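Following: one structure in structure tokens, then a few remarks.
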Amino acid sequence: MPQTPADDRELDRMRPVDEVRATVLHYAAALPAEPVDLLAAHGRTLAVDLVAAADQPPFPAATMDGFAVQSDDGSPWRELIGEQMAGQVTAPEVTPGTAVRITTGAPMPPGADAVVQVESTDLSDDNHVIIHQDEIAAGQNVRPVGFDVRAGDVLLRAGTLLGPPEVGMLAGEGQLPVMVARRPRVSVLSTGDELVEPGDPLGPGQIRDANRFALVAALEAAGAEIVWAGKAPDEREPLRALLLERLAGSDVVVTSGGVSMGELDLVKALLPEIARVHSRRVFMKPGKPLNFATSGPDDRTLFFGLPGNPVSALACFELFVRPALLTMLGRVAIDRPRVPVRLAAGARPGDRPEYQRAVVRVTSEGHLVGETTGVQASSRLASWVGANALLMIPPGETPLEAGAVVQGLLLGAPLASA
Ligand code: AMP
Ligand code: MG
């Protein structure tokens with residue numbers, strides 16, 4: 001896909017974060033549904049609404065251990081004529097002057113309309129229940145049919161992330177197997193001749209490949225399936241062949257490095273030959289040289305050329321890759337919560353919107369206060385360790401004072417105040 005100088009200028013235009021995000025989301029298409037076992041459903045995204053097929057409970061059930069009786073029966077004591085455990089209906093009919101011992105969750109025996117809890121009773125020697133309760137209300141300690149779930153209720157919406165209660169709900173409904181969105185298949189590729197494997201000793205001028213592993217972790221946390229992860233040299237032909245192979249075998253390809261202005265920034269140089277490039281520069285810090293491209297039928301395969309600096313790579317992941325993955329999963333909520341945060345200390349704005357890593361705490365008055373994590377260099381991964389938010393410092397001339405309110409992107413729950 002050859003590009004003219006005019007195309008090039010347009011691609012190199014510095015685009016606002018929201019514009020690049022909109023472009024990315026435009027190409028992020030929903031993935032097909034696939035069946036999974038209940039035990040594999042946790043963490044997946046539901047692909048179809050879960051509609052209740054029947055009322056639950058399907059029978060009136062006791063909510064206490066005690067005795068099933070007729071509420072309008074005035075007898076001071078009642079003959080114990082049987083028992084009803086949770087499970088099969090075995091008890092005889094309850095009539096005036098009688099009671100059936102019942103356990104929590106058991107179906108009400110015929111004739112009974114209330115349960116007196118065991119704490120309000122005594123048993124006589126001759127098999128009678130004495131009730132120490134003046135009034136017994138009809139329906140007392142009984143869960144009526146359909147109390148928890150009504151037939152036809154939409155219990156879970158398509159696009160719901162399946163956590164423990166949702167998995168329990170699916171099990172309770174018994175509509176199996178569970179239909180979930182297929183995981184996006186992602187290839188991760190670090191570029192750079194300076195990179196060595198984390199287990200290898202460093203030679204002169206070398207660094208360990210941190211990005212591949214940080215990105216795999218971030219991708220997996222967002223619900224992706226890693227189909228390939230590896231390293232490519234800064235050599236045109238091998239890199240080109242590898243990128244083509246990975247584009248053909250993935251829903252999403254994520255690379256790091258090779259997108260700046262250097263001569264060996266080959267990802268940027270090669271990309272127009274093998275994919276349709278939509279954007280090359282984002283008006284933000286860190287992460288300016290993000291390359292976004294698509295390829296394949298209907299532009300279904302997404303390519304993210306992330307910058308090499310570890311913080312820049314993760315920032316671009318958060319702002320662009322993660323929302324794309326969640327869109328492909330059909331997730332209802334694709335964004336981290338955006339909340340107003342007060343700066344714990346003053347901040348000096350730059351010429352681009354800056355996403356500073358911070359620890360956000362809730363004060364005793366219920367305000368969110370954010371403290372940045374020290375030097376905010378894009379090479380300094382330590383600035384992300386322990387951070388639970390990105391604070392967006394808008395560009396400008398005037399320093400922000402402590403207490404100024406900025407927008408925070410919550411990556412995790414705020415901490416309690418120190
Ligand atoms: P590049 O975008 O390739 O020019 O890389 C920018 C900076 O990020 C350079 O200092 C690289 O050494 C560093 N870098 C690139 N890739 C990685 C990686 N996978 N892990 C850690 N640092 C990297
Ligand atoms: Mg490089």
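Residue indices begin at 1 and follow the sequence shown. Computed over heavy atoms, backbone and side chain alike; hydrogens, waters and symmetry mates excluded. Both counts, for ligands and for their atoms, begin at 1 and track the order of listing. Because the structure is a prediction, the values reported are computed rather than measured.
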Taking N or O atoms only and a 3.5 Å limit, does [X] qualify as a polar contact for ligand 1?
X      : result
Ala210 : yes
Asp209 : yes
Ile207 : no
Gly258 : yes

*To the nearest 0.5 angstrom, please state how far the CD1 atom of Ile393 sits from the CD atom of Gln407.*
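Those atoms lie 11.0 Å apart.
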*Before giving the answer on side chain to side chain contact (heavy atoms under 4.5 Å, CB included), spell out for Met108 and Phe59 the whole-Å C-alpha distance, their side-chain angles and the decisive distance to 0.1 Å.*
CA-CA 8 Å; Met108 292 293 285; Phe59 47 81; over 6 Å; no
For [X], look at atom [atom1] and say whether over 12 heavy atoms of other residues, nucleotides or ligands are found less than 6.0 Å away.
X      : atom1 : answer
Glu197 : CD    : yes
Leu202 : CG    : yes
Lys268 : NZ    : yes

Applying a strict 4.0 Å limit to heavy atoms, is [X] in contact with ligand 1?
X      : answer
Ser256 : yes
Ser260 : yes
Asp234 : no

At what distance is the nearest protein heavy atom to [atom], and which residue and atom is it?
atom                    : result
atom 18 (C) of ligand 1 : Asn211 ND2, 3.2 Å
atom 7 (C) of ligand 1  : Asn309 OD1, 3.5 Å
atom 13 (C) of ligand 1 : Gly308 O, 3.7 Å

*Going through the checks in order, is the ring-ring contact (aromatic ring centres under 6.0 Å, His included) test met by Phe320 and Phe292?*
CA-CA 9 Å; Phe320 307 107; Phe292 175 66; 8.8 Å; no
*Would you please name every residue forming a salt bridge (charged side-chain N to carboxylate O under 4.0 Å, His left out) with Arg182, sequence neighbours left out?*
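If we apply the salt bridge (charged side-chain N to carboxylate O under 4.0 Å, His left out) test to Arg182, skipping adjacent residues, the hits are Asp251.
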*Which atoms of ligand 1 are found less than 4.0 Å from any heavy atom of Ser190?*
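Reading through ligand 1 atom by atom, the close ones are 19 (N).
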*Considering the heavy atoms of Glu194, write down every atom of ligand 1 situated less than 4.0 Å from one of them.*
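The list of qualifying atoms is 11 (C), 12 (O), 15 (C).
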*Quick one: which residue pairs count as a ring pair (Phe, Tyr, Trp, His ring centres under 6.0 Å) with a foot in residues 17-52, not counting sequence neighbours?*
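Listed by first then second residue: Tyr27-His278.
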